[in-house]
Amino acid sequence: MSLAIAQPRGNGAGLLTSTTQIARRVLLRFIRSPQLVVVGTMQGAMFLLIFRYVFGGAISTGGIDYVDFVVPGFITTGVLFNAMYSSVGTAEDLQSGLVARLRSLPIPRSAVLLGRALADTAIQMWGLLFTIGLGFLVGFRLHGSVESALAAFGLVVLFGFVFEWLFILVGMIAGSVQAVQGFALVIFPLTFVSSAYVPVLSMPTWLQGFAENQPMTVMVNAVRTLTEGGHAEALLGHPAAYFVARSLIWSIGLIAVFAPLAVWKYRRG
Amino acid sequence: MTGTPPTIEATGVVKVFGKTRALNGLSLTVAPGQVLALLGPNGAGKTTFVNLVATLTRPDAGTLRVHGRDVARHPAEVRSLIGLAGQSAAVEPKLTGRENVEMIARLFGRSHDEARSGAGRLLDRLALGDAADRKVETYSGGMRRRLDLGASLVGQPRLLLLDEPTTGLDPRSRLELWDVIRSLVADGTDVLLTTQYLDEADHLASHVAIIDHGRVVAAGTPRELKRRAGRSMVEVHVREAAELDRVATLLTAIGDGNPNVDEPTRTVRVGVRADTDRIFAALRPLDEAGIAIDEVAVRQPTLDEVFLALTGTAQENVA
């Protein structure tokens, strides 16, 4: 009796099947690791509550309630914190030898990364929905149309997918879970030196240049103006369309740089 | 077609990592039907070579062909011919054994039903049928390695690459894995395996290439190499220290060189060039002389001893 599953040798699965199988494995791994789900969710919730009730009172946002100001910031920066798990997952797969096994299979090499990016984006949506729910619970309210709010949700999912590629690349360069934690420090300037938690104008002038022009601020402001309408537009000095267009340009630019780099790094090993 | 191309044909293969020449002009040929063991210490270049054959990295110089396909120019074709089981068990601990095998089968383009029925048969054959629906994180080290080996077989590879398949396993798991590998070989799968253990190469391989510093320093059948590497070691552990000298005298008859007496452990050691039959014959006088013996051990030369013997021989030939 032969050990093989099927006698005639095919040439391996196509892009769609490969991507689906890889994504399925990433999702099952997440669902079956309850501590990951709970810790990740709790951490996000705790930060939101601290900013809402501890720092919030001391931060002046001029014109709109702090809770309405900060929840869009939290939702948007959350994708960065959650995308970091992709670096960890990628590094774990490298260390365990699973990447070597997958690279030795006759499947499209981009499928392994695309599968992870899609699955991790879906995992991010769990954190996203939780944060939105908690936001409403602590007083966050929409001041724009439902269509705009849905557009904002779509944008955040897109941003999550965009940052996946950066963090998959980081995971592959780092090569180990410990090293990932070093690389992950890049998250802090991107999230805190942005308009996510405080108005950029409250920062020293020399920081404002970076804070105003880095992608996180543009993305946060796009989500903020879409959900908060005219008040936020007045506060931030531009209409929603201005921020949305710029955030889309940033998204395209980031994917155009990091997705090919990640695939190149994966091919090269 | 003029004849069958070799399973593996490596000519002057060089692979450099930074300042390290992991492979430094390695050449070897594996003919169809052979099981080749690459034997060498850590850092000799064994894993680097396996990774090149598996198309995970490309050679910096030289040529490497698998069934006539160049690994650098036609990696996709090579990938459909090989199965890889690396040093660590590359299986997903959060999935069950069945889910792991099914995933690999689906990646090999099998339909859902084919993957399902095939995975069941494969797991049964690997004696993992009872554990098929348990998460792999509950498996023992030996079970994980068997599952990993199973995953590498899913695509019915013509060439199976096993990188230190039994490193870190307990003796029983090691024997079980050897049995599985031997049954594969009997089914006609060509195997390239790496190992640090001479006895593993001896048990599994039809041919052995000893590599050091990225080159083949000796190659041949296990029998040839052992003959060239020489001496097995016979160790006799006597009950009474007073008998040590008599035993040493009797063992001189089979020894290659003078026996070594170790009083504190009441052990006499002697290197022998003889085969097992002659060793038993030579031990009989000990029995006839009525010497109380606690233990007799015949062990193969260690990798260190083989290295010393083979590289020493090479140097003498040059000189």
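So that the names make sense, note that chain A is the first sequence line, chain B the second, and so on, each numbered from 1.
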To the closest 0.5 Å, what do you measure between [atom1] ([X]) and [atom2] ([Y])?
X         : Y         : atom1 : atom2 : result
Glu92(B)  : Arg25(A)  : CD    : CZ    : 4.0 Å
Arg58(B)  : Arg268(A) : CZ    : CZ    : 11.0 Å
Glu137(B) : Ser33(A)  : CD    : OG    : 7.5 Å
Leu105(A) : Leu107(B) : CG    : CG    : 6.0 Å
Leu27(A)  : Lys94(B)  : CG    : NZ    : 15.0 Å

With heavy-atom distances below 4.5 Å as the criterion, would you say the side chains of [X] and [Y] are in contact?
X         : Y         : result
Arg106(B) : Thr17(A)  : yes
Arg101(A) : Ile104(B) : yes
Arg29(A)  : Leu95(B)  : no

Counting only heavy atoms closer than 4.5 Å, note whether [X] contacts chain B via side chain, backbone, both or neither.
X         : result
Ser96(A)  : backbone
Leu102(A) : side chain
Glu92(A)  : neither

**Item:** Asn51(B), part contacting chain A, at a heavy-atom distance under 4.5 Å
**Value:**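 Neither the backbone nor the side chain of Asn51(B) comes within 4.5 Å of chain A.
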
**Part of Ser152(B) lying under 4.5 Å from any heavy atom of chain A** =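 Backbone plus side chain of Ser152(B), per the 4.5 Å heavy-atom cut-off to chain A.
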
Nearest heavy-atom neighbours spanning [X] and [Y]:
X         : Y         : value
Pro106(A) : Ala76(B)  : CB-O, 4.5 Å
Ser104(A) : Leu84(B)  : OG-CB, 3.8 Å
Thr55(B)  : Arg109(A) : O-NH2, 3.5 Å

Within a reach of under 6.0 Å around [atom1] of [X], are more than 12 heavy atoms found that belong to other residues, nucleotides or ligands?
X         : atom1 : result
Trp126(A) : CH2   : no
Arg73(B)  : CZ    : no
Phe210(A) : CZ    : yes

**Short N-O contact, Glu99(B) and Arg32(A), less than 4.0 angstrom** =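 Yes, this pair counts.
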
**Request:** Give a yes or no on whether the backbone of Gly12(A) and the side-chain of Arg79(B) come within a donor-acceptor separation of less than 3.5 Å.
**Result:**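 No: the side chain of Arg79(B) does not pair with the backbone of Gly12(A).
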
